[in-house]
Amino acid sequence: MAKEITPREEDYSKWYIDIVKKAGLADNSAVRGCMVIKPYGFAIWENMQRELDRMFKETGHQNAYFPLFIPKSFLSKEAEHVEGFAKECAVVTHHRLMNDPDGKGVVVDPSAKLEEELIVRPTSETIIWNTYKDWIKSYRDLPLLINQWANVVRWEMRTRLFLRTAEFLWQEGHTAHATRQEAIEEAQQMQRVYATFAEEFMAMPVIQGAKSANERFAGAEDTLTIEALMQDGKALQAGTSHFLGQNFAKAFDVKFSNQNNKEEYVWATSWGVSTRLVGGLIMTHSDDDGLVLPPRLAPIQVVIVPIPKPNGEINEVAESLMDELKAKGISVKYDQDKKKRPGFKFAEYEMMGVPVRVGIGKRDLENGVVEVARRDTKEKSQVALEGLADNIQQLLEDIQNNLLSRAKAYRAEHTTEVNTFDEFKDVLANKGGFISAHWDGTSETEQKIKELTKATIRCIPNDAVEEAGKCVFSGNPSTKRVLFAMAY
RNA sequence: CGGGGCGUGGCGCAGUCCGGUUAGCGCACCUGGUUUGGGACCAGGGGGUCGCAGGUUCGAAUCCUGCCGCCCCGACCA
């Protein structure tokens, strides 16, 4: 593990890459735009998955799995949808290789051309709705509440580890409902689930809101979003939940008989979060010494370091502490590596973002204490052996809470109300963060602001207060403020 | 797709301009020893078709031609 991390002040983007690589989360792979998620990074994702999966099931959803490949013709059935994704699709055209006639490796066998090309799924609405056609006949089959954990491929022009990769892991929920209202409520419910997850587990505060028409998912009537603010003042779309109306039902002819034996198209939602959340996690909490992880998602919550090295007495104390912590459901590692000295280990676990470090040395033990260091503030204190496990459990909760309140404070400081376009540009250039401003509701205005400043409307917040105002750009009347920001 | 950069042991790099014995350095790794309360030190050791393919030359990591790949910055997007 390397020593140096580029400071955030110097180059935030470089800092981010350093953290990802040096904390052992992921690497670039031999494949353009695709990353290798390393064990430590994957463990974080698994922790996210576990909690999300639990929350999905608690809200009545079941997991299923649909194919990686989508026949090309499916994609074109929903006009807006195909337009939105056509430019970034990987396409399978052949199914066989053969030896190169020139004797150099293998080449695609031209005789193995597919009748119909297959698209590597960029998202699964089409293949799923084609299946739902067979599953849904009656109102008794509704609602259908399905989630899938999968990989998808979007051939992006430019990629960044976790934040935007050509292949990424995610979950996508796809639900079918008998009424418009029920589908809207489902989309809203999942937005709340995402927001709860982000705040309670990632300690990442998010704004819940709706996307403007420009930013809406291809094929959706309404896109709900959770938007987080990163340390560099840029916004991150952390999860979306779409109300799809009857668009896909009509495209795939999915109808049900209602209680009066009348046929109706079903109403749909889809919603997803991805490995991008790992990127958001990093950019919400971490510092120039490395990763900072919220205890609830940390693969290792507590690390015990023997000082200077393991011995009988230290092992005894460490092992009994481990037993107590494990009994409380806390994941703990005792680092008995004799080759590395304590200082090296301290730096290494700080790099990895382990929330709590316990140092046990003979000098401390003589006084009946150990050294407890917290990663979020880097504070160290002497803590009595008596009641140690309880104290650590409490400390983990404190860290979790502190990270959230710290992130909330940052966001509050970096959310600015502006009333003129000059102010708007000034805040964007010099302060960053969310800009709360009146907008006249037109795509044209949004487009022009984007062209002039590169900032976009991140969302129209759910809790926006009704107030009379004038659009920051056009001066036309507006009834509420929306949030603008530079975005990832 | 534009702009920039890079490709040399696992990782990070030097060497390339100006061709010349055996391709070097740091980290990591292996062995032994001394150390050990914030990234230890000494000694010894292993590991390389210098991105690929041609060409020039007595001789190519280095010069020429052509490919390929990746990264970073921007436009597009989760």
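In this text, all values refer to a predicted model and were calculated from it rather than measured experimentally. The analysis underlying the following values was restricted to heavy atoms, covering all of them including side chains, and did not include hydrogens, waters or symmetry mates.
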Send over the distance from [X] [atom1] to [N] [atom2], rounded to a whole Å.
| X | N | atom1 | atom2 | answer |
| --- | --- | --- | --- | --- |
| A:Lys345 | B:G39 | NZ | P | 14 Å |
| A:Lys340 | B:C27 | NZ | P | 16 Å |
| A:Asp11 | B:G4 | CG | P | 19 Å |
| A:Arg158 | B:G3 | CZ | P | 16 Å |
| A:Ile307 | B:G39 | CD1 | P | 12 Å |
| A:Lys380 | B:G37 | NZ | C1' | 9 Å |
| A:Met35 | B:C70 | CE | C1' | 17 Å |
| A:Phe344 | B:G39 | CZ | P | 12 Å |

Check for me whether the distance between the ring centres of [X] and [Y] falls short of 6.0 Å.
| X | Y | value |
| --- | --- | --- |
| A:Phe197 | A:Tyr194 | no |
| A:Phe484 | A:Phe424 | yes |
| A:Tyr488 | A:Phe162 | no |
| A:His81 | A:Phe248 | yes |

Quiz item: Any side-chain donor-acceptor pair under 3.5 Å between A:Asn214 and A:Ser443?
Solution: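 Distance-only check passes for A:Asn214 and A:Ser443.
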Quiz prompt | Modelled atom types, side-chain donor and acceptor of A:Gln191 and A:Asn462, under 3.5 Å | solution =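 Yes, a side-chain donor-acceptor pair sits under 3.5 Å.
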Just checking [X]: base, sugar-phosphate only, or nothing, at a heavy-atom cut-off of under 4.0 Å?
| X | result |
| --- | --- |
| A:Thr275 | nothing |
| A:Lys362 | base |
| A:Gly279 | nothing |

So, [X] and [Y], do they make that salt bridge, N to O below 4.0 Å?
| X | Y | result |
| --- | --- | --- |
| A:Lys340 | A:Asp337 | yes |
| A:Lys211 | A:Glu227 | yes |
| A:Arg357 | A:Glu350 | yes |
| A:Arg458 | A:Glu215 | yes |
| A:Glu51 | A:Arg54 | yes |

Among the candidates [options], find the nucleotide nearest to the side-chain atoms of [X].
| X | options | value |
| --- | --- | --- |
| A:Asp364 | B:A78, B:G37, B:C71 | B:G37 |
| A:Phe168 | B:A78, B:C70, B:C72 | B:A78 |
| A:Asn28 | B:A78, B:C71, B:C76 | B:C71 |
| A:Lys454 | B:G74, B:C72, B:G38 | B:G74 |
| A:Glu156 | B:C77, B:C73, B:G38 | B:C77 |
| A:Ser13 | B:U36, B:A78, B:C72 | B:C72 |
| A:Ala347 | B:G39, B:G37, B:C70 | B:G39 |

Practice problem: Counting Watson-Crick and G-U wobble pairs whose two distances are both under 3.5 Å, find the runs of 3 or more in a row that involve RNA chain B. | Solution: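 Consecutive-pair runs (3 or more) involving RNA chain B: B:1-7 with B:68-74, B:10-13 with B:24-27, B:29-34 with B:40-45, B:51-55 with B:63-67.
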Quiz item: Where along residues 308-321 of chain A does a heavy atom fall under 4.0 Å from RNA chain B?
Solution: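 Heavy-atom cutoff 4.0 Å gives A:Pro308, A:Lys309.
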Quiz item: In residues 75-87 of chain A, what residues come within less than 4.0 Å of RNA chain B, judged by heavy atoms?
Solution: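 Within this stretch, nothing sits under 4.0 Å of the strand.
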Exercise. For nucleotides 6-13 of chain B, just jot down a letter per nucleotide in 5' to 3' order: B, S or -, based on protein non-hydrogen atoms under 4.0 Å.
Key: --------
Taking [M] as the reference, what is the distance to [N] when you measure between their [atom1] atoms (whole Å, please)?
| N | M | atom1 | answer |
| --- | --- | --- | --- |
| B:C41 | B:U36 | P | 14 Å |
| B:U8 | B:G51 | P | 6 Å |
| B:G20 | B:U62 | C1' | 11 Å |
| B:G55 | B:A23 | P | 24 Å |
| B:A61 | B:C42 | P | 33 Å |
| B:C17 | B:U34 | C1' | 47 Å |
| B:C1 | B:C67 | P | 14 Å |
| B:U16 | B:U21 | P | 14 Å |

Quiz item: Are OP1 or OP2 of B:A40 and a side-chain N or O of A:Arg341 less than 4.0 angstrom apart?
Solution: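 So the side-chain polar atoms of A:Arg341 do come within 4.0 Å of the phosphate oxygens OP1 or OP2 of B:A40, strictly under.
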Practice problem: Considering just the side-chain nitrogens and oxygens of A:Lys339, establish if one lies under 4.0 Å of OP1 or OP2 belonging to B:C41. | Solution: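 False: A:Lys339 side-chain N/O out of range (4.0 Å or more) of B:C41 OP1/OP2.
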Pair up each side-chain donor or acceptor in residues 287-294 of chain A with any protein partner under 3.5 Å, not counting sequence neighbours, and list the distances.
| unit_1 | atom_1 | unit_2 | atom_2 | d |
| --- | --- | --- | --- | --- |
| A:Asp287 | OD1 | A:Asp289 | N | 2.8 |
| A:Asp287 | OD1 | A:Gly290 | N | 3.3 |
| A:Asp287 | OD1 | A:Arg375 | NH2 | 2.7 |
| A:Asp287 | OD2 | A:Arg375 | NH1 | 2.9 |
| A:Asp288 | OD1 | A:Arg8 | N | 3.0 |
| A:Asp288 | OD1 | A:Arg8 | NE | 3.0 |
| A:Asp289 | OD2 | A:Lys378 | NZ | 2.9 |

Quiz item: Is any side-chain heavy atom of A:Trp271 closer than 4.5 Å to a side-chain heavy atom of A:Glu186?
Solution: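 The answer is yes; the side chains approach within 4.5 Å.
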For residues 297-321 of chain A, which side-chain donor-acceptor pairs fall under 3.5 Å, sequence neighbours excluded?
| unit_1 | atom_1 | unit_2 | atom_2 | d |
| --- | --- | --- | --- | --- |
| A:Gln301 | OE1 | A:Ser331 | N | 2.8 |
| A:Gln301 | NE2 | A:Pro295 | O | 2.9 |
| A:Asn311 | OD1 | A:Glu313 | N | 3.1 |
| A:Asn311 | OD1 | A:Ile314 | N | 2.9 |
| A:Asn315 | OD1 | A:Tyr334 | OH | 2.6 |
| A:Asn315 | ND2 | A:Asn311 | O | 3.3 |
| A:Ser320 | OG | A:Val317 | O | 3.4 |

Practice problem: Go through A:Trp267 and A:Ile184 one step at a time and tell me if the side chain to side chain contact (heavy atoms under 4.5 Å, CB included) criterion holds. | Solution: CA-CA 9 Å; A:Trp267 298 85; A:Ile184 289 172; over 6 Å; no
Practice problem: Establish, yes or no, whether the cationic atom of A:Lys38 lies under 6.0 Å from the six-membered ring centre of A:Phe42 and within 45° of the ring axis. | Solution: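 A:Lys38 over A:Phe42 ring: no.
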Quiz item: Does the B:G38 base have a donor-acceptor partner in the side chain of A:Glu350 within less than 3.5 Å?
Solution: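 Yes.
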